[in-house]
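I have placed the structure first, in the form of structure tokens, so that the comments after it can refer back to it.
Lettering follows sequence order; numbering is per chain, from 1.
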There are 2 protein chains.
Amino acid sequence: MAKSAEQVVAEAPPDARLAPASETSGGPDGTAEVDSTRSRILDVALDLFVEKGYDRTSLREIAERLGVTKAAIYYYFSSKDDILMALHMRLHEVGREALGRLARGPVSVALWADLLDEVMGEMLAQRSLFLLHERNQAALEKLHGTQHGIVHDAEHEDLQQAFHRVLADKSVPLRDRIRMACSFGAVFACLFMAGDAFADVSDDDLGDQVRSAVRDLLGV
Amino acid sequence: MAKSAEQVVAEAPPDARLAPASETSGGPDGTAEVDSTRSRILDVALDLFVEKGYDRTSLREIAERLGVTKAAIYYYFSSKDDILMALHMRLHEVGREALGRLARGPVSVALWADLLDEVMGEMLAQRSLFLLHERNQAALEKLHGTQHGIVHDAEHEDLQQAFHRVLADKSVPLRDRIRMACSFGAVFACLFMAGDAFADVSDDDLGDQVRSAVRDLLGV
DNA sequence: GTCTATATAGGGATAGAC
DNA sequence: GTCTATCCCTATATAGAC
């Protein structure tokens with residue numbers, strides 16, 4: 001939205017660490033924007049990272065599936081970690097406003113229910129991004145540990161980090177904290193851990209049922 | 001390669017693929033059995049695999065932390081995958097009787113609640129083993145894809161596989177299936193995804209609260 | 001049973017032609 | 001922008017001494 005402060009030029013720049021939010025995001029409106037090589041790299045990488053895991057995916061595989069060579073990838077990304085970082089930024093963007101609401105104001109089960117509802121929508125629309133995050137925690141942790149403090153500084157808190165912080169907040173009653181964790185887990189399990197067990201259910205139906213479960217858990 | 005088919009030399013030491021249930025399992029009785037090098041390798045490997053991920057952990061690290069060399073490890077395990085497999089078998093053993101009850105008889109939310117209660121106890125007692133499983137899905141999937149069909153055949157169904165099967169069982173009402181997934185996710189989130197957010201809570205208190213949440217979800 | 005030394009492979013990354 | 005060719009490093013795994 002209004003945060004495209006530094007929107008870099010279109011195509012020339014390699015090492016585009018500052019343009020994280022303008023690829024083929026299969027957004028709610030379904031607009032598949034640019035089909036540049038850079039975004040295609042990210043799409044293929046996302047698929048592979050989710051399917052085989054980051055560490056078990058080589059740049060050669062990404063390049064082959066794309067019909068280019070490894071060296072071509074290095075024109076757009078300075079390292080393999082850089083690709084992961086770019087994908088991480090996509091996810092980051094997704095949870096931005098939910099994060100904002102979590103940062104301001106006191107935490108309550110009511111707010112939590114509201115946020116969870118919103119986040120669930122994003123999860124349904126961007127399953128792969130969340131799966132990437134879930135299935136490559138080790139790699140992402142290393143990413144945090146290293147450099148790139150420019151774009152991923154303290155103000156840019158992770159959704160996961162924020163959730164953690166809230167769940168550990170002792171000013172919130174223990175029962176509520178646990179119920180919040182449970183409700184998140186309930187959503188998470190249905191959308192990501194169930195695999196294709198609910199493939200016969202539409203996203204809308206699934207969403208409704210899960211929302212109902214969340215309400216029961218949070219008592220709202 | 002490491003495709004040693006049906007090696008099975010009936011000696012005591014190396015390649016003990018057939019003795020999965022006799023290491024230092026911190027079992028319910030708390031008996032820390034043998035402190036053999038083999039079991040110490042598994043303990044250290046478990047810690048590292050959980051902490052850094054299987055793919056990011058080298059045999060050199062395991063050896064160093066143990067005060068031996070890589071070659072020593074190969075005396076006890078035929079490959080790195082073999083170590084992961086041995087740990088996987090530990091977990092396998094843990095969920096054995098829960099699996100049996102799931103295999104027999106019809107599935108119901110009541111049975112599910114019962115099993116979940118039981119499994120939660122195991123989870124609390126063997127957190128690392130479950131974390132290993134959660135954080136190294138990619139590696140474990142590859143393990144399934146390859147050989148070792150001897151010990152890990154069709155009859156030895158995975159807990160995860162069994163859960164999947166039940167959740168996909170269309171003879172169970174959709175609402176129940178979803179509630180079952182939710183309840184598992186609720187447990188999972190509190191025990192494994194919350195990190196140290198609930199470090200201030202005793203396992204007993206945590207267990208009670210989670211059980212309460214599960215009851216609300218399943219309506220039992 | 002544990003070591004030293006080594007074989008072998010593959011991955012990430014860079015240089016420079018086109 | 002993409003390619004070919006190559007460097008360098010680390011990892012798994014093996015051979016054989018002690």
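- B:L84 places its CG atom 17 Å from the C1' atom of D:dA13, with the value rounded to the nearest Å.
- Taking only side-chain nitrogens and oxygens, B:R60 never comes nearer than 4.0 Å to OP1 or OP2 of D:dT10.
- The separation between B:Y74 atom OH and D:dG16 atom C1' is 17 Å, rounded to whole Å.
- Nearest-nucleotide assignment on DNA chain C puts the 5′-proximal partner with A:L59, out of A:L59 and A:A71.
- Under 3.5 Å, the side chains of A:D196 and B:H164 contain no donor-acceptor pair of N or O atoms.
- For the pair B:Y75 and C:dG1, the criterion of a side-chain N or O lying under 4.0 Å from OP1 or OP2 is met.
- Side-chain N/O atoms of B:S79 include none lying less than 4.0 angstrom from OP1 or OP2 on D:dT12.
- The base of C:dG12 sits with one of its N or O atoms less than 3.5 Å from a complementary donor or acceptor on the side chain of A:K70.
- Between B:K80 atom NZ and D:dT12 atom C1' there is a gap of 9 Å when expressed in whole angstrom units.
- An OP1 or OP2 oxygen of C:dC3 is reached within less than 4.0 angstrom by a side-chain nitrogen or oxygen of B:T69.
- Here the side chain of B:V68 is nearest to one of C:dC3, C:dG12, D:dT4, namely C:dC3.
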Inset, instruction - Give the C-alpha distance, both sets of side-chain angles, the deciding distance and a yes or no for salt bridge (charged side-chain N to carboxylate O under 4.0 Å, His left out) between A:R65 and A:E61. - result: CA-CA 6 Å; A:R65 187 174 287 200; A:E61 282 179 281; over 6 Å; no
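- Taking only side-chain nitrogens and oxygens, A:Y76 comes nearer than 4.0 Å to OP1 or OP2 of D:dT2.
- Here C:dG12 presents its P atom at 9 Å from CG of A:D55, a figure rounded to the nearest Å.
- Distance B:D81 CG to D:dA11 P: 16 Å, rounded to the nearest Å.
- Rounding to whole angstrom units, CD1 of residue A:I41 and C1' of D:dT2 are separated by 11 Å.
- Taking atom CZ on B:F77 and atom P on D:dT12, their separation rounds to 14 Å, with Å as the unit.
- In this structure, A:K142 is not positioned above the aromatic face of A:Y54 in the sense of NZ or CZ being under 6.0 Å from the six-membered ring centre and within 45° of the axis.
- Look at B:T37 and you'll find a side-chain N or O under 4.0 angstrom from OP1 or OP2 of C:dT2.
- Using a distance-only test at 3.5 Å, with no hydrogens or angles considered, no donor-acceptor pair links the side chain of B:R135 to the main chain of B:G53.
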Inset, instruction - Run the numbers on A:H133 and A:H92 for ring-ring contact (aromatic ring centres under 6.0 Å, His included), then give the verdict. - result: CA-CA 10 Å; A:H133 193 256; A:H92 205 282; 9.9 Å; no
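- Between the P atom of C:dG10 and the CZ atom of A:R56 lies a distance of 15 Å, rounded to the nearest Å.
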